[in-house]
Amino acid sequence: MRYWLMKSEPGAFSIDDLASRPGQTEPWDGVRNYQARNMMRDEMKVGDPVFFYHSNCEVPGIVGIARIAREAYPDHTAFDPQHIHYDSGSDPANPRWLMVDVQFERKLKRTIPLSELKDRPELGGFALVRRGNRLSVMPVTQAQWEFILGLE
DNA sequence: GCCAACGTTGGC
DNA sequence: GCCAACGTTGGC
């Protein structure tokens with residue numbers, strides 16, 4: 001089992017949106033980065049815990065916990081010319097992009113802001129706080145996971 | 001295969 | 001809204 005962090009802009013899809021979905025699950029479509037895709041394809045397993053992170057908003061930070069509910073499968077939004085995540089280079093016979101399903105577990109008691117995570121020397125090696133980081137899906141070590149939960 | 005131009009991400 | 005960082009594209 002591995003731990004993960006996945007980013008979402010709350011204006012597009014928030015932790016509350018996930019909590020209100022039927023079955024509280026959602027396909028995590030729109031990942032268009034090879035490094036993120038490869039991690040989803042090769043390493044994400046059903047049941048893996050995920051930090052749900054709100055990006056590009058008033059207070060960026062970790063807001064909840066989800067779990068992987070379905071392992072990687074083709075992201076069909078890449079095939080739809082009308083879709084915002086359309087990619088003409090993804091062939092349905094050989095899909096370029098994949099998605100997983102996530103399931104809501106719980107909201108944190110409070111948002112743990114990025115600014116606070118950056119202040120913690122214990123998280124110096126965490127990809128999220130490294131300068132210029134743009135990965136929307138990233139691994140979290142068990143030690144990082146437990147430390148962050150301890151901040152809740 | 002290099003690298004400039006361009007588009008996107010995402011904090012601030 | 002600005003802009004730094006960084007990934008991708010495409011001319012050569």
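Residue numbers start from 1 in every chain, and the chains themselves are labelled A, B, ... in the order their sequence lines are given, proteins ahead of strands.
- Minimum interatomic distance between A:Gly124 and A:Arg130 (heavy atoms only, all atoms of both residues): O-CG, 4.4 Å.
- Under 4.0 Å is where a charged nitrogen must lie from a carboxylate oxygen, and between A:Asp91 and A:Arg96 no such pair does.
- Salt-bridge check for A:Glu116 with A:Arg110: passed, with a basic side-chain N closer than 4.0 Å to an acidic carboxylate O.
- Residue contacts shown for A:Arg32 are absent, as no nucleic acid heavy atom lies under 4.0 Å away.
- In 5' to 3' order, the nucleotides of DNA chain B bounding all contacts with chain A (an atom under 4.0 Å from a heavy atom) are B:dG7 to B:dC12.
- When the nearest nucleotides of DNA chain C are assigned to A:Asn133 and A:Asn56 by heavy-atom distance, the more 5′-ward of the two goes with A:Asn56.
- A:Ser14 and A:Asp16 share no donor-acceptor pair across their side chains, judged by distance under 3.5 Å alone.
- Of the candidates A:Val63, A:Leu108, A:Ile65, A:Val63 is the only one forming a side chain to side chain contact (heavy atoms under 4.5 Å, CB included) with A:Ile15.
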